[in-house]
Amino acid sequence: MIIGRGKFIAALTLVLAVFLSGGGAVFAGNPDGALRIEVTTAYNFIVRSNVESQGPAVRSALISARIWNDGVTDLTGAYAYVGNYSAGTPGIYPSRAHPPLVGPLPGGEFAITHEGGSVGLSDASRFLGTIPAGGYVPVYWLVSYPQLDVNGNSVTLGSKPDDDLFLFYDVWATADDGGTPLEADVTRRA
């Protein structure tokens with residue numbers, strides 16, 4: 001079968017996108033038109049060095065972002081989300097194993113936990129309304145994270161930062177730009 005050059009380039013681009021994404025879903029990207037996400041959360045969450053012997057410690061953080069409108073007209077119907085973009089689950093975060101640690105989730109995996117208060121997981125979806133041209137809307141979500149595995153071992157595993165537990169989260173946003181739907185996504189590692 002012979003295919004045209006344009007179809008070949010499109011197919012090659014799709015194969016490369018899937019390959020470079022680790023075989024997973026192809027993300028929306030950031031920015032998408034005038035819609036842009038700037039994650040303002042630090043890359044590290046704090047784990048107390050003596051957490052194994054001193055009991056519970058602070059295990060919460062804020063995930064924060066600015067949802068920008070880089071265009072010249074207002075974006076309307078804007079929403080911001082946090083969780084797992086590829087699964088489409090606001091408030092449910094990607095999970096992963098981190099041997100030799102054993103997490104509380106099936107398969108011994110770990111994940112960030114959304115702390116939505118009385119509104120639960122619906123807190124992970126925020127209606128922003130209109131984002132003015134050239135402006136942004138700040139968004140904050142409260143989450144918690146593990147400091148110990150199920151056996152009581154610190155998730156830092158020692159003094160080398162490259163063996164510490166790390167987890168992922170996605171921030172994504174949607175908006176309407178004069179009838180054109182926009183969707184941007186950012187994946188972060190903490």
Backbone N or O of [Y] within a donor-acceptor pair of the [X] side chain at under 3.5 Å?
{"X": "Asn84", "Y": "Thr89", "answer": "no"}
{"X": "Asp74", "Y": "Ala133", "answer": "yes"}
{"X": "Asn69", "Y": "Gly71", "answer": "yes"}
{"X": "Asp177", "Y": "Thr180", "answer": "no"}
{"X": "Thr41", "Y": "Ser64", "answer": "yes"}
{"X": "Thr130", "Y": "Pro132", "answer": "no"}

- Restricting to pairs with a member in residues 105-124, which pass side chain to side chain donor-acceptor pair (under 3.5 Å), not counting sequence neighbours?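 Every pair satisfying side chain to side chain donor-acceptor pair (under 3.5 Å) with a residue in residues 105-124: Tyr93-His114, Ser95-Glu109, His114-Asp123, Glu115-Ser144, Asp123-Arg126.
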Are [X] and [Y] packed together at the side-chain level, in the sense that at least one heavy-atom pair is separated by less than 4.5 angstrom?
{"X": "Asp170", "Y": "Asp185", "answer": "yes"}
{"X": "Tyr79", "Y": "Leu128", "answer": "no"}
{"X": "Val186", "Y": "Trp172", "answer": "no"}
{"X": "Asp149", "Y": "Pro104", "answer": "no"}
{"X": "Ile67", "Y": "Ile131", "answer": "yes"}
{"X": "Val137", "Y": "Arg66", "answer": "no"}
{"X": "Arg36", "Y": "Asn30", "answer": "yes"}
{"X": "Val143", "Y": "Ser60", "answer": "no"}

Linked hydrophobic residues, [X] as query - side chain contacts closer than 4.5 Å:
{"X": "Tyr136", "result": "Trp68"}
{"X": "Tyr43", "result": "none"}
{"X": "Ile92", "result": "Leu121"}

- Are side-chain N/O atoms of Thr156 and Asp164 paired as donor and acceptor at under 3.5 Å?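 Checked: Thr156/Asp164 side chains show no N/O donor-acceptor pair below 3.5 Å.
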- Message: If we count only N and O atoms by modelled type, under 3.5 Å, do the side chains of Glu183 and Tyr85 hold a donor and an acceptor together?
- Response: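 Tyr85 and Glu183 do have a side-chain donor-acceptor pair below 3.5 Å.
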- Message: Please report the interatomic distance CG(Leu165) to CG(Asn153), rounded to the nearest 0.5 Å.
- Response: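 Taking CG in Leu165 and CG in Asn153, the distance rounds to 12.0 Å.
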- Kindly compute the distance separating CZ (Arg188) from CD1 (Ile112), expressed to the nearest 0.5 Å.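 Reported value, rounded in 0.5 Å steps: 12.5 Å.
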- Could I get the full list of ring-ring contact (aromatic ring centres under 6.0 Å, His included) partners for Phe166, not counting sequence neighbours?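 Counting only residues at least two positions away or on another chain, Phe166 forms a ring-ring contact (aromatic ring centres under 6.0 Å, His included) with His98, Phe168.
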- Query: side-chain hydrogen bond (donor to acceptor under 3.5 Å, both in side chains) with Asp176: which residues, sequence neighbours excluded?
  - Reply: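 Applying side-chain hydrogen bond (donor to acceptor under 3.5 Å, both in side chains) to Asp176 gives none.
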- Let me see the working for Trp141 and Val139 under side-chain contact (heavy atoms from CB on, under 4.5 Å), right down to the final yes or no. CA-CA 7 Å; Trp141 294 278; Val139 188; 3.3 Å; yes
Identify the two heavy atoms, one from [X] and one from [Y], that lie closest to each other, and give their separation to 0.1 Å.
{"X": "Arg59", "Y": "Gln147", "answer": "CA-NE2, 3.9 Å"}
{"X": "Val171", "Y": "Ala65", "answer": "CG1-CB, 4.1 Å"}
{"X": "Ala124", "Y": "Pro90", "answer": "CB-C, 3.6 Å"}
{"X": "Ala175", "Y": "Leu75", "answer": "CB-CB, 4.0 Å"}

- Between Phe110 and Leu101, does a side-chain contact (heavy atoms from CB on, under 4.5 Å) hold up when you go through it step by step? CA-CA 9 Å; Phe110 295 88; Leu101 298 170; 3.7 Å; yes
- For Tyr81 and Thr174, run side-chain contact (heavy atoms from CB on, under 4.5 Å): C-alpha distance rounded to whole Å, both residues' side-chain angles, the deciding distance at 0.1 Å, then the answer. CA-CA 9 Å; Tyr81 308 90; Thr174 60; 4.0 Å; yes
